[in-house]
There are 2 protein chains.
Amino acid sequence: MISRPPRPRERGIPEATVARLPVYLRALQALQDRGTATISSEDLAGAAGVNSAKLRKDLSHLGSYGTRGVGYEVEYLVYQISRELGLTQDWSVAIVGIGNLGRALANYGGFGTRGFRIAALLDADPEVVGRSVASLDVRHIDNLEEVVRDKGVSIGVIATPAGSAQGVADRFVEAGVTSILNFAPVVLNVPDGVDVRKVDLSIELQILAFHAQRRADGDGPGAAERAGLEVT
Amino acid sequence: MISRPPRPRERGIPEATVARLPVYLRALQALQDRGTATISSEDLAGAAGVNSAKLRKDLSHLGSYGTRGVGYEVEYLVYQISRELGLTQDWSVAIVGIGNLGRALANYGGFGTRGFRIAALLDADPEVVGRSVASLDVRHIDNLEEVVRDKGVSIGVIATPAGSAQGVADRFVEAGVTSILNFAPVVLNVPDGVDVRKVDLSIELQILAFHAQRRADGDGPGAAERAGLEVT
DNA sequence: CCCACTTTGTGCGTGCTTTCACAAGCGCGT
DNA sequence: ACGCGCTTGTGAAAGCACGCACAAAGTGGG
Ligand SMILES: NC(=O)c1ccc[n+]([C@@H]2O[C@H](COP(=O)([O-])OP(=O)(O)OC[C@H]3O[C@@H](n4cnc5c(N)ncnc54)[C@H](O)[C@@H]3O)[C@@H](O)[C@H]2O)c1
Ligand SMILES: NC(=O)c1ccc[n+]([C@@H]2O[C@H](COP(=O)([O-])OP(=O)(O)OC[C@H]3O[C@@H](n4cnc5c(N)ncnc54)[C@H](O)[C@@H]3O)[C@@H](O)[C@H]2O)c1
């Protein structure tokens with residue numbers, strides 16, 4: 001391992017924190033819409049469904065943006081989290097596989113509140129290619145490289161059947177897309193430096209089933225807590 | 001495959017392990033379809049995209065189902081994981097909010113490979129109620145309690161707009177549903193003993209954006225690895 | 001100016017997760 | 001029967017994550 005140059009400010013935000021920042025951001029934006037100017041860690045934690053100490057520690061990774069005795073200024077915090085998450089710039093998204101799910105995604109208005117723009121839709125089926133979905137023409141998958149280049153696509157969404165997903169991922173990578181969101185139920189194989197996240201409905205259901213079964217079997221006192229359930 | 005496990009089952013399977021079992025199960029079923037009889041932890045780990053030591057430790061929580069020098073018998077392991085996850089019984093699922101997403105979910109054939117059955121669709125919009133989606137009549141949300149009772153619904157899926165989600169969750173809980181999968185971008189408030197999981201597209205996109213930005217900023221050597229990217 | 005009160009930022013103990021490394025166990029060929 | 005090669009199962013170590021509890025820092029009232 002090469003020793004890194006002495007960085008004055010090591011910016012290593014824990015992964016668990018990164019995953020929660022969007023939740024905080026959403027809660028803050030709701031507060032902002034309601035006209036709230038400042039909020040305590042206790043209240044914000046409540047709105048985000050987390051422990052307040054955890055929230056404070058998470059925010060402390062971004063810097064010291066709170067005021068003791070008062071709380072956090074909502075607007076300022078919204079800006080800081082947005083900046084940290086990279087939402088102050090625009091991200092072009094391409095969706096591949098305009099079937100049931102792909103269409104729902106394309107039509108989904110509040111895509112990512114802000115920051116994300118659906119730039120292109122692609123499919124392989126001649127029936128689908130050429131149609132207009134959510135005010136966008138569905139292009140043929142063969143144009144992927146061209147579309148990525150011309151539209152500056154930086155995030156690829158895969159909503160094809162499982163069998164096609166790896167191939168689509170390969171083409172995304174080939175075209176220079178290094179962020180992929182995968183809805184197909186397969187493990188994608190990508191080179192280092194490419195970031196893949198997956199959304200998997202059936203895994204979520206199976207986890208629910210596991211806990212439900214456990215609750216049904218040996219439902220003694222504390223069984224739910226042991227299973228790590230939502231506690232409010 | 002009728003004989004119950006020899007020893008009293010461990011009561012504490014780590015949550016992280018539970019979340020991976022469905023991934024292993026899917027990989028195993030793919031192997032099964034391809035006619036593979038046995039597989040080593042190394043190969044299965046490769047197919048599931050995890051470290052082989054982790055895979056072995058995960059499986060060890062279910063029992064000692066491997067054979068040293070040989071590997072795991074695919075069919076047996078499929079059965080054991082299925083049983084552990086509760087997939088040997090049927091789960092009735094009700095979907096509330098038959099909009100873009102709800103329809104996609106309802107039409108999604110391979111819902112959970114096996115074990116999950118969509119038993120009911122519910123909506124509040126008179127335009128939607130009464131229509132037939134995926135061979136099911138969409139019922140009015142006011143019938144939720146009745147539907148849950150009659151169809152034996154044990155898992156509730158929420159695909160309504162954010163503003164309605166808490167209300168729907170409350171009604172699910174009231175009706176006795178203790179497993180909820182939430183697609184709406186809100187933090188649900190539920191009593192102890194109710195299990196809520198969420199699927200949140202925009203959070204995933206924001207996490208991708210964070211890593212993409214980080215890569216763009218200080219893309220030095222090892223930057224990708226530090227960000228915890230897919231490594232294959 | 002001081003004091004009572006509020007709330008942040010964080011040191012620290014605890015428990016969970018991951019990974020390494022290897023002894024023990026199994027099958028096969030001789 | 002025996003040894004060799006392969007693979008599992010698991011102790012042990014290291015790394016993360018969580019949440020308590022409290023000092024430090026700020027506010028506002030008197
Ligand atoms: N529908 C859901 O609710 C849902 C839920 C969870 C997961 N998924 C997963 O999402 C994916 C899509 O599901 P769906 O219901 O929309 O399926 P679908 O069959 O309705 O749509 C798939 C689309 O992908 C296109 N396609 C196929 N191969 C392609 C390729 N090589 N390049 C480009 N396009 C290609 C098809 O033409 C089709 O339009 C599947 O992997 C599914 O398992 C769907
Ligand atoms: N479409 C997507 O791709 C997508 C992606 C991520 C998240 N989501 C989220 O999923 C949810 C649904 O999205 P959508 O695009 O399908 O929205 P949609 O507006 O198309 O559908 C929502 C449906 O819910 C129904 N509904 C509203 N209030 C209800 C109530 N109280 N009881 C029962 N039904 C009610 C509406 O009648 C409508 O049919 C939203 O919260 C959205 O943020 C959607």
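By convention in this document, chain letters (A, B, ...) are assigned in the order of the sequence lines, proteins followed by strands, and residues within each chain are numbered from 1.
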Worksheet entry | Any donor-acceptor pair under 3.5 Å from A:D200 side chain to A:E204 backbone | no
Discussion item. Of the options D:dC20, D:dT8, D:dT27, whose atoms approach the side-chain atoms of B:R56 most closely?
Written reply: D:dT8
Worksheet item: Could you state the CD-P distance from A:E73 to D:dG26, rounded to the nearest angstrom?
Response: 16 Å
Worksheet item: Which whole-number value in Å describes the distance from B:L77 CG to D:dT8 C1'?
Response: 13 Å
Discussion item. For D:dT8 and B:T67 - does any side-chain N or O of the residue sit under 4.0 Å from the phosphate oxygens OP1/OP2?
Written reply: no
Practice prompt. Figure out the CG/C1' separation between A:L21 and D:dA17, and round it to whole Å.
Written response: 15 Å
Worksheet entry | B:D195 and A:R214 ion-paired at < 4.0 Å | no
Worksheet entry | Contact nearer the 5' end of DNA chain D, comparing A:R20 with B:G66 | B:G66
Worksheet item: Can you tell me how far C1' of C:dA21 sits from CG of B:N51, to the nearest Å?
Response: 12 Å
Worksheet entry | Side chain of B:E15 - closest among D:dT10, C:dT17, C:dT8 | C:dT17
Worksheet item: Does a distance-only test, which skips hydrogens and angles, find a donor-acceptor pair under 3.5 Å between the side chain of B:R68 and the base of D:dT7?
Response: no
Worksheet entry | Closest-nucleotide ordering on DNA chain D, the 5'-leading residue of A:A16 and B:L59 | B:L59
Practice prompt. Using whole Å, report how far CG of B:L55 lies from P of C:dC20.
Written response: 14 Å
Item to complete: Using only side-chain N and O atoms of B:S41, determine if any of them is under 4.0 Å from OP1 or OP2 of D:dT7.
Response: no
Discussion item. Does a side-chain N or O of A:Y72 approach OP1 or OP2 of C:dT6 to a distance below 4.0 Å, or not?
Written reply: no
Discussion item. Here's a test of your reading of the structure: between B:K57 and A:E42, which maps to the more 5' nucleotide of DNA chain C?
Written reply: A:E42
Discussion item. If we ignore hydrogens and angles and just use 3.5 Å, is the side chain of A:Q213 paired with the main-chain N or O of B:R83 as donor and acceptor?
Written reply: yes
Fill in: Centroid separation A:Y72 to A:Y65 less than 6.0 Å
no
Fill in: Nearest-angstrom distance from the residue atom NZ of A:K54 to P of C:dG13
21 Å
Worksheet item: Side-chain donor-acceptor pair under 3.5 Å between B:Q166 and B:D170, yes or no?
Response: yes
Fill in: Interatomic distance where CG belongs to B:L62 and P belongs to D:dG9 [whole Å]
10 Å
Worksheet, complete the sentence: Per atom distances to the B:A53 side chain, the nearest of C:dC20, C:dG9, D:dT8 is C:dC20
Item to complete: Please tell me which of the listed nucleotides, C:dT17, D:dG9, D:dT7, lies nearest to the side chain of B:S40?
Response: D:dT7
Fill in: Rounded distance (Å) that lies between atom C1' of D:dT7 and atom CG of B:D43
11 Å
